[in-house]
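Inspection log for the structure reproduced underneath, given as structure tokens.
Numbered from 1 within each chain, the chains take letters A, B, ... in sequence-line order. Not measured: the values here are computed from a predicted model. Note that these values count all heavy atoms, side chains included, but never hydrogens, waters or copies made by symmetry.
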Number of protein chains: 2
Amino acid sequence: MSWRKEQRRAERGYHHGNLKEALLQAALGLIAEKGPGGFTFADAARMAGVSPAAPYRHFRDRDELLSSIAQRGFEQFEAQLTEAWDDGRPDTVTAFERLGKAYLAFAHNEPAFYSAMFESGLPVDLSPTLQAASERAFGVIRAAAERLAAMVPPGMPRPPAMMMALHIWSMSHGVASLFARGDQARRKLPMSAEDLLEAEVLIYLRGLGFPTDRRPSGPSDPSAKTATPPPLPPAGPPAGPWGTPK
Amino acid sequence: MSWRKEQRRAERGYHHGNLKEALLQAALGLIAEKGPGGFTFADAARMAGVSPAAPYRHFRDRDELLSSIAQRGFEQFEAQLTEAWDDGRPDTVTAFERLGKAYLAFAHNEPAFYSAMFESGLPVDLSPTLQAASERAFGVIRAAAERLAAMVPPGMPRPPAMMMALHIWSMSHGVASLFARGDQARRKLPMSAEDLLEAEVLIYLRGLGFPTDRRPSGPSDPSAKTATPPPLPPAGPPAGPWGTPK
DNA sequence: CAGCTCATGTGAAAGGCTTTTACATGAGCC
DNA sequence: GGCTCATGTAAAAGCCTTTCACATGAGCTG
């Protein structure tokens with residue numbers, strides 16, 4: 001009956017060899033399917049084929065494992081944001097919008113990381129390194145906002161770059177949290193989260209005085225199958241799936 | 001030793017009389033202090049002075065209790081948003097900004113409800129009544145957006161009211177989630193969440209073509225002790241507590 | 001008021017998870 | 001070959017969830 005277990009043991013011997021990494025991967029998978037609250041230290045151990053006590057050799061407790069995942073998440077997040085920003089090429093506004101899309105894409109493609117990072121209930125300041133990783137990721141947005149701020153047309157009120165960065169962050173985070181998380185528990189939308197955020201950012205930029213009339217050149221992937229509505233369609237019938245306001 | 005228990009029992013008799021309500025209140029308190037993941041069915045029962053099995057007479061399981069709290073939260077949320085919107089008085093834009101503030105105020109003043117509603121990991125469509133309550137709350141924002149949309153100056157692109165409503169919702173939710181939750185785990189800010197959101201909405205409205213030059217008349221409460229920076233201060237030194245982008 | 005009934009609460013028990021502790025294994029190093 | 005220490009294991013305590021059979025007493029009925 002305990003054939004599997006014995007065989008596993010035979011395969012790897014008494015020592016696992018790479019348990020820490022295996023636990024991180026297992027936890028990531030579990031979080032993806034059951035949410036950060038649903039995942040279990042014991043489950044991760046089972047998945048890695050070790051006893052329930054083994055993980056304690058690598059993580060102080062369940063929270064530390066969660067925190068490690070969040071940390072790794074912030075690092076990947078930073079990398080992807082950095083790549084999307086691409087130091088403002090080819091032009092600041094275009095790169096800026098790519099940044100927003102990258103935010104959504106991360107929430108969508110890495111729901112496990114995203115929820116460990118933002119929805120696990122971990123205090124932000126749990127560990128200094130976690131906090132630092134989080135701030136480095138935000139730093140990308142801030143650097144982009146800095147460049148954008150320098151371009152605000154003269155004569156327009158110019159909010160501090162920090163504030164602009166926080167605005168963009170909150171828009172992205174709001175859309176991502178409400179509408180773009182993995183497949184779990186997200187709300188239905190009459191449009192794609194990407195289009196929603198793109199329009200939001202465009203209106204915001206216009207409010208800062210940026211000319212945004214350039215006919216949007218379509219989505220970055222012209223072969224996309226979904227029809228791509230113009231970011232700012234003219235007024236239409238308000239019929240939509242959302243709650244009919246009484 | 002079991003003096004307390006016996007006394008309690010004597011006070012209320014075998015039947016509690018109002019257990020359901022007592023459990024909801026207890027859970028609300030527990031969520032406020034330990035987060036939606038930290039609260040325990042058993043704890044709530046203990047707090048109400050009943051056995052751990054008693055709650056099952058009123059809620060199918062832990063999730064149903066959580067869901068009931070979220071439901072109640074959405075109802076209060078809707079009520080407060082409705083009051084803030086006040087049917088668009090004295091003017092649409094003013095009322096609109098009040099709406100945003102009410103969103104933040106709710107997140108700040110009712111962190112337990114807020115996290116049960118948005119951070120508990122419950123699937124949105126867990127119960128139809130929950131979903132309906134959520135949509136009614138959003139309906140308030142949507143109705144406000146509808147009125148606002150009708151006022152977009154001619155000549156400006158006019159996004160669908162639904163989209164504007166979603167924009168406002170995502171801004172509010174983003175700011176609230178990142179910066180305005182109760183005392184737990186929120187990020188530090190170089191400004192108040194209220195000012196941040198107000199500026200964000202103002203810029204957004206300007207992007208829609210609304211004149212927003214009216215000198216902001218200051219915060220709603222002129223006797224507030226905190227200095228009230230103008231929502232759109234001119235560019236200043238970017239020094240701030242936030243991560244120094246390398 | 002006596003008696004019945006059913007909603008509501010209790011106790012005990014099964015099954016999991018977390019975390020600690022003492023002990024086992026074996027990889028790396030003299 | 002023998003030592004040592006990082007890494008795993010087994011067992012146990014404590015807590016939580018959920019279920020089940022049973023207890024209580026509030027409210028209806030005659």
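- For B/Gln71, the side chain to side chain donor-acceptor pair (under 3.5 Å) criterion is met by B/Glu75, B/Thr129, not counting sequence neighbours.
- Taking the six-membered ring where tryptophan is involved, the planes of B/Phe41 and B/Tyr56 are perpendicular, since the angle between them exceeds 60° and thus also 30°.
- End-to-end axis angle for the helix from C/dC1-D/dG30 to C/dC30-D/dG1, using five pairs per end and rounding to 10°, comes out at 10°.
- At least one donor-acceptor pair closer than 3.5 Å links the side chain of B/Ser172 to the backbone N or O of B/Ile168.
- In this structure, B/Ser170 contributes its side chain and B/His167 its backbone to a donor-acceptor pair below 3.5 Å.
- Ion pair B/Lys101/B/Glu97 not flagged as a salt bridge, since none of the NZ, NE, NH1 or NH2 atoms sits closer than 4.0 Å to an Asp/Glu carboxylate oxygen.
- Aromatic ring pairs are classed by plane angle as parallel below 30°, tilted from 30° to 60° and perpendicular above 60°; the pair B/His173 and B/Trp169 is perpendicular.
- Residues A/Phe138 and A/Phe74 fail the side-chain proximity criterion, which asks for heavy atoms closer than 4.5 Å.
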Dump every N/O contact between nucleotides 23-26 of chain D and the protein below 3.5 Å, one line per pair.
from   : atom 1 : to      : atom 2 : distance (Å)
D/dA23 : N3     : B/Tyr14 : OH     : 3.1
D/dT24 : O2     : B/His15 : NE2    : 3.0

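- Applying the salt bridge (charged side-chain N to carboxylate O under 4.0 Å, His left out) rule to pairs touching residues 107-121 of chain B yields B/Glu119-B/Arg181, sequence neighbours excluded.
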Between the protein and nucleotides 16-19 of chain C, list every N/O to N/O distance that falls short of 3.5 Å.
from   : atom 1 : to      : atom 2 : distance (Å)
C/dC17 : OP2    : A/Arg46 : NH2    : 2.9
C/dT18 : OP1    : A/Phe41 : N      : 3.1
C/dT18 : OP2    : A/Ala42 : N      : 2.8
C/dT19 : OP2    : A/Tyr56 : OH     : 2.8
C/dT19 : O5'    : A/Tyr56 : OH     : 3.4

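- Here A/His58 does not reach the OP1 or OP2 of D/dA6: none of its side-chain N or O atoms lies under 4.0 Å away.
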Contacts under 3.5 angstrom, residues 80-87 of chain A side chains, donor-acceptor by atom type, not counting sequence neighbours:
from    : atom 1 : to      : atom 2 : distance (Å)
A/Thr82 : OG1    : A/Glu78 : O      : 2.7
A/Asp86 : OD1    : A/Arg89 : NH2    : 3.2

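- Using a 4.0 Å cut-off between charged side-chain N and carboxylate O, A/Glu21 and A/Arg72 make a salt bridge.
- If you take CD of B/Glu21 and P of C/dT8, they are 14 Å apart, rounded to a whole angstrom.
- Distance B/Lys20 NZ to C/dG9 C1': 16 Å, rounded to the nearest Å.
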